[in-house]
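Contents: one structure, followed by commentary.
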Amino acid sequence: GHSILRKGAICALSEALLRGETKPAAAHSQANSRATPRPESFQSSVGGFDDESMAVSESKTGNTANGVVREPEEILLVDEVDIFFGEDFYGKTYNPAVKLPEAAGLLRTVWRLRHSAGNRLLSDIKQSPEFRTILQSFPGWDEVIEREVQAMCADVLCFDDPKPHYDRGLDKLGYKVMDGISFDIHYGYRTAFANLDAAERGIFRDPAAALKEKLGLW
């Protein structure tokens with residue numbers, strides 16, 4: 001987690017980029033403040049070098065270029081990788097989503113217009129107030145947003161493949177994985193539309209909570 005969040009939370013930085021904001025000021029300093037301290041045994045393990053000599057060594061090896069200090073390159077060595085990542089992440093990709101309020105409205109619009117014939121679906125969505133709102137909220141990202149809308153149009157037509165499983169105790173939809181049910185897997189926008197379908201059919205006890213967790217840009 002430290003290596004991934006070293007320069008800040010990826011989702012927060014992604015949202016700031018989309019909104020045209022500068023990098024959150026506290027992200028880098030906060031991440032660095034959580035840096036793992038070097039253990040006392042480090043001096044002996046590296047043959048007697050201490051922090052000061054290591055710093056001198058780094059400065060002598062050209063850690064600056066044109067007066068700009070560069071961070072040293074890092075290598076992450078992981079033993080017992082299956083234990084380190086856990087069964088829900090090992091062998092899978094890291095797919096963070098940015099939860100944007102505008103995305104929820106756009107997904108609801110795609111769901112509402114899903115019965116539009118053929119290519120009319122994309123055309124109808126692009127004429128909707130929700131589409132115009134998200135374009136205005138994220139100027140300069142028109143091509144990215146249109147690609148995401150195209151993905152939504154494709155996924156809404158097959159939102160129940162694979163078929164989700166509803167857990168009454170958790171009031172959530174999940175997907176079968178091996179002999180169990182996972183509530184962390186997302187199949188693109190199909191998962192969002194499966195949740196909208198369940199909410200429309202009155203399956204959730206608390207539809208607002210269920211949809212708040214699943215409606216976002218993937």
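- Counting heavy-atom neighbours within 6.0 Å of Arg168 CZ, excluding the residue itself, gives a total of 12 or less.
- A donor-acceptor contact shorter than 3.5 Å is absent between the side chain of Asp206 and the backbone of Asp171.
- Residues satisfying the side-chain hydrogen bond (donor to acceptor under 3.5 Å, both in side chains) criterion with Tyr187, sequence neighbours excluded, are absent altogether.
- Rounding to the nearest 0.5 angstrom, the gap separating the OG1 atom in Thr133 from the CD atom in Gln136 is 6.0 Å.
- When side chains are defined from C-beta on, Asp197 does not count as touching Asp160, because their heavy atoms never get closer than 4.5 Å.
- To the nearest 0.5 Å, atoms CG (Leu196) and CZ (Arg112) are separated by 12.0 Å.
- One hydrophobic cluster, built from ILVMFWY side chains closer than 4.5 Å, cannot hold both Met178 and Ile181; they sit in different ones.
- Among residues two or more places apart in sequence or in another chain, the side-chain contact (heavy atoms from CB on, under 4.5 Å) test is passed with Ile203 by Tyr166, Ala198, Arg201.
- Side chains of Arg190 and Pro162 form a contact here, defined as non-hydrogen atoms less than 4.5 Å apart.
- Taking CZ from Arg132 and NZ from Lys126, the interatomic distance works out to 12.5 Å, rounded to the nearest 0.5 Å.
- The hydrophobic clustering, which links ILVMFWY residues whose side-chain heavy atoms are closer than 4.5 Å, places Leu173 and Leu107 apart.
- Hydrophobic cluster membership differs between Phe183 and Leu211, with clusters built from Ile, Leu, Val, Met, Phe, Trp and Tyr side chains linked at under 4.5 angstrom.
- To the nearest 0.5 Å, the span separating NZ on Lys163 from NE2 on His165 amounts to 11.5 Å.
- The CG atom of Asp155 sits 8.5 Å away from atom OG1 of Thr191, with the distance rounded to the nearest 0.5 Å.
- Taking every heavy atom of both residues into account, Leu106 and Met152 meet most closely at CD2-CE, 4.1 Å.
- Side chains of Asn195 and Leu215 form no contact here, defined as non-hydrogen atoms less than 4.5 Å apart.
- Ring geometry for Trp111 against Phe159 counts as perpendicular: the plane angle is over 60°, on a 0 to 90° scale with 30° as the lower cut.
- Scanning all heavy atoms of the two residues, the minimum distance from Val156 to Cys153 falls at CG1-O, 3.3 Å.
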Given side chain to side chain contact (heavy atoms under 4.5 Å, CB included), test Trp141 with Ile134 step by step and report yes or no. CA-CA 10 Å; Trp141 295 93; Ile134 201 168; over 6 Å; no
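- Between the side chain of Ser128 and the main chain of Ile125, a donor-acceptor pair closer than 3.5 Å is present.
- A heavy-atom distance below 4.5 Å is found between the side chains of His186 and Lys214.
- Going from atom CG of Leu157 over to atom CG of Leu121 covers 6.5 Å, rounded to the nearest 0.5 Å.
- Cluster annotation: Phe138 and Leu135 are assigned to the same hydrophobic cluster (Ile/Leu/Val/Met/Phe/Trp/Tyr, side-chain heavy-atom contacts under 4.5 Å, transitive).
- The residues Arg108 and Glu130 are annotated as not salt-bridged, no charged nitrogen and carboxylate oxygen being separated by less than 4.0 angstrom.
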